[in-house]
Student: 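I am attaching a structure below and will ask some questions about it afterwards.
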Amino acid sequence: APPRPPTATQRVVIEVKVVKSMGPGLIAEGVSQTGDYMDKSGASEGHLILFDRRPERSWAERIWQREERDAKGQVITVWGA
């Protein structure tokens, strides 16, 4: 028998930013933007990935992960890379 098509689609938003300087509102702005994209696409999951290109930062300082919430309470996972 041929494979059956999936019955449901999972939508995930992945927002990527290259960081050359980390301002105080950068994460909050990215979380808000990712939440807006989730609303528009009907996504159930959102991720914000920040590629830290500051030369003075070690890899250990660049790699991290935490959860944030947008203004509507949606959970967005924020990744440092």
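The structure displayed is predicted, hence computed values, not measured ones. Counting from 1, the numbers follow the sequence of the chain as shown.
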Student: Could you walk me through whether Arg66 and Glu68 pass the salt bridge (Lys or Arg N to Asp or Glu O under 4.0 Å) test, one step at a time?
Tutor: CA-CA 7 Å; Arg66 70 181 195 219; Glu68 296 281 337; 2.6 Å; yes
Student: State whether the side chain of Thr34 and the backbone N or O of Gly30 hold a donor-acceptor pair below 3.5 Å, judged by distance alone.
Tutor: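 Here the side-chain-to-backbone pair exists.
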Student: Search all heavy atoms of Gly35 against all heavy atoms of Ile76 and return the closest pair with its distance.
Tutor: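 Gly35 and Ile76 have their closest heavy atoms at N-CD1, 3.6 Å.
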Student: Give, for atom CG of Asp36 and atom CD of Gln74, the distance between the pair rounded to the nearest 0.5 Å.
Tutor: 8.5 Å
Student: Do any N or O atoms from the side chain of Arg53 and from the backbone of Val18 form a donor-acceptor pair under 3.5 angstrom?
Tutor: no
Student: Honestly curious: do Ile49 and Ile27 fall in one hydrophobic cluster under the side-chain, below-4.5 Å linking rule?
Tutor: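 In one cluster with Ile49: Ile27, no.
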Student: In terms of heavy-atom contacts, does CZ of Arg11 have more than 12 from other residues, nucleotides or ligands at under 6.0 Å?
Tutor: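 No, because the 6.0 Å sphere around CZ of Arg11 holds 12 heavy atoms or fewer from other groups.
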Student: Closer than 4.0 angstrom, basic N to acidic O: yes or no for Arg54 and Asp52?
Tutor: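 Result for this pair is yes, salt bridge flagged.
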Student: List the steps and the verdict of side chain to side chain contact (heavy atoms under 4.5 Å, CB included) for Tyr37 and Ile14.
Tutor: CA-CA 9 Å; Tyr37 292 152; Ile14 300 173; over 6 Å; no
Student: Do Val12 and Leu50 sit in the same hydrophobic cluster, where Ile, Leu, Val, Met, Phe, Trp and Tyr count as joined when their side-chain heavy atoms come under 4.5 Å apart?
Tutor: no
Student: Could you report the tightest heavy-atom contact between Val31 and Leu48, atom names first, then the distance?
Tutor: N-CD2, 3.7 Å
Student: Applying side chain to side chain contact (heavy atoms under 4.5 Å, CB included) to Lys72 and Asp39, what does each step give before you reach the verdict?
Tutor: CA-CA 10 Å; Lys72 295 181 180 175; Asp39 291 342; 2.7 Å; yes
Student: Of the non-hydrogen atoms in Ile63 and Ala81, which two are nearest, and what is the gap between them?
Tutor: CD1-CA, 3.8 Å
Student: Atom NZ in Lys17, atom CD in Glu29: separation rounded to 0.5 Å?
Tutor: 6.0 Å
Student: Over all heavy atoms of both residues, which pair between Ser21 and Leu26 is shortest? Give the atoms and the distance, please.
Tutor: O-CD2, 4.3 Å
